[in-house]
Amino acid sequence: KYVDRETSFTAKIDTGASLCIFKHEIAEELGIEVENSEIAQRVRNANGDIFKVFGHFVTIEIGDFEFECLVYFAGNFVAANVFGKRGFLDKFRIAIDDNEGKLFLSEYN
């Protein structure tokens, strides 16, 4: 959610990612001008490609949890939306039941 707009999308949990990075298209759906940010940096993906991302505060809703999060939107193409350490993994304890295909979240206190 951002201001008065919201969208739904899927994202992967990436324990190796430092940041939460989403596709440019998600920002467009929320009415966010990606490059209009004072929080920008260059990041490197697992393939070694370097690209620029722009930070914006949004509200994330997952199941029963809703929280404000600094996420980064890619200035150009990224393959997937990912939840990384800062802003997501540092907020939750996570358990994965691979046999059942379930993910369990609880707030990290």
| note | Contacts of Lys52 meeting side chain to side chain contact (heavy atoms under 4.5 Å, CB included) (sequence neighbours excluded), chain-then-number -> Ala40, Arg42, Phe54
| task | Kindly check if the number of other-residue, nucleotide or ligand heavy atoms within 6.0 Å of CG (Asp90) is above 12? | result | yes
| request: Provide the full list of side-chain hydrogen bond (donor to acceptor under 3.5 Å, both in side chains) pairs with a residue in residues 14-36, sequence neighbours left out, each pair given once. | output: Thr7-Glu29, His24-Glu28
| Phe67 reachable from Val71 in the ILVMFWY side-chain graph, under 4.5 Å edges | yes
| query | If you draw a 6.0 Å radius around CD1 in Ile96, do more than 12 non-hydrogen atoms from other residues or ligands fall strictly inside? | reply | no
| request: Using a 4.5 Å cut-off on heavy atoms from C-beta on, say whether the side chain of Leu105 contacts that of Ile94. | output: yes
| field | Hphob cluster co-occupancy, Val82 + Phe9, side-chain heavy atoms under 4.5 angstrom | value | no
| query | Quick one: does His56's side chain get under 4.5 Å of Leu30's, heavy atoms only? | reply | no
| field | Centroid-centroid distance, Phe104 to Phe92, less than 6.0 Å | value | no
| query | Is a donor on one side and an acceptor on the other found under 3.5 Å between the side chain of Asn45 and the backbone of Asn47? | reply | yes
| field | Residue that, paired with Phe73, satisfies side chain to side chain contact (heavy atoms under 4.5 Å, CB included) out of Val78, Ile26, Val53 | value | Ile26
| query | Going by heavy atoms in the side chains, are Ile13 and Leu103 under 4.5 Å from each other? | reply | yes
| message | Using a 6.0 Å cut-off, check whether atom CG of Asp98 has over 12 heavy atoms from anything other than its own residue. | response | no
| query | Hey, are the side chains of Ile60 and Phe83 touching, using non-hydrogen atoms and a 4.5 Å cut-off? | reply | yes
| said: Starting from Phe22, can I reach Phe51 by hopping between I/L/V/M/F/W/Y residues whose side chains sit under 4.5 Å apart? | reply: no
| message | Are Glu6 and Glu61 packed together at the side-chain level, in the sense that at least one heavy-atom pair is separated by less than 4.5 angstrom? | response | no
| request: Could you walk me through whether Phe88 and Ile62 pass the side-chain contact (heavy atoms from CB on, under 4.5 Å) test, one step at a time? | output: CA-CA 11 Å; Phe88 184 76; Ile62 299 174; 3.4 Å; yes
| request: Find out if a path of hydrophobic residues (ILVMFWY) with successive side-chain heavy-atom gaps under 4.5 Å connects Val3 to Phe57. | output: no
| field | Point-to-point distance, once rounded to the nearest 0.5 Å, from SG of Cys20 to CG of Asn81 | value | 10.5 Å
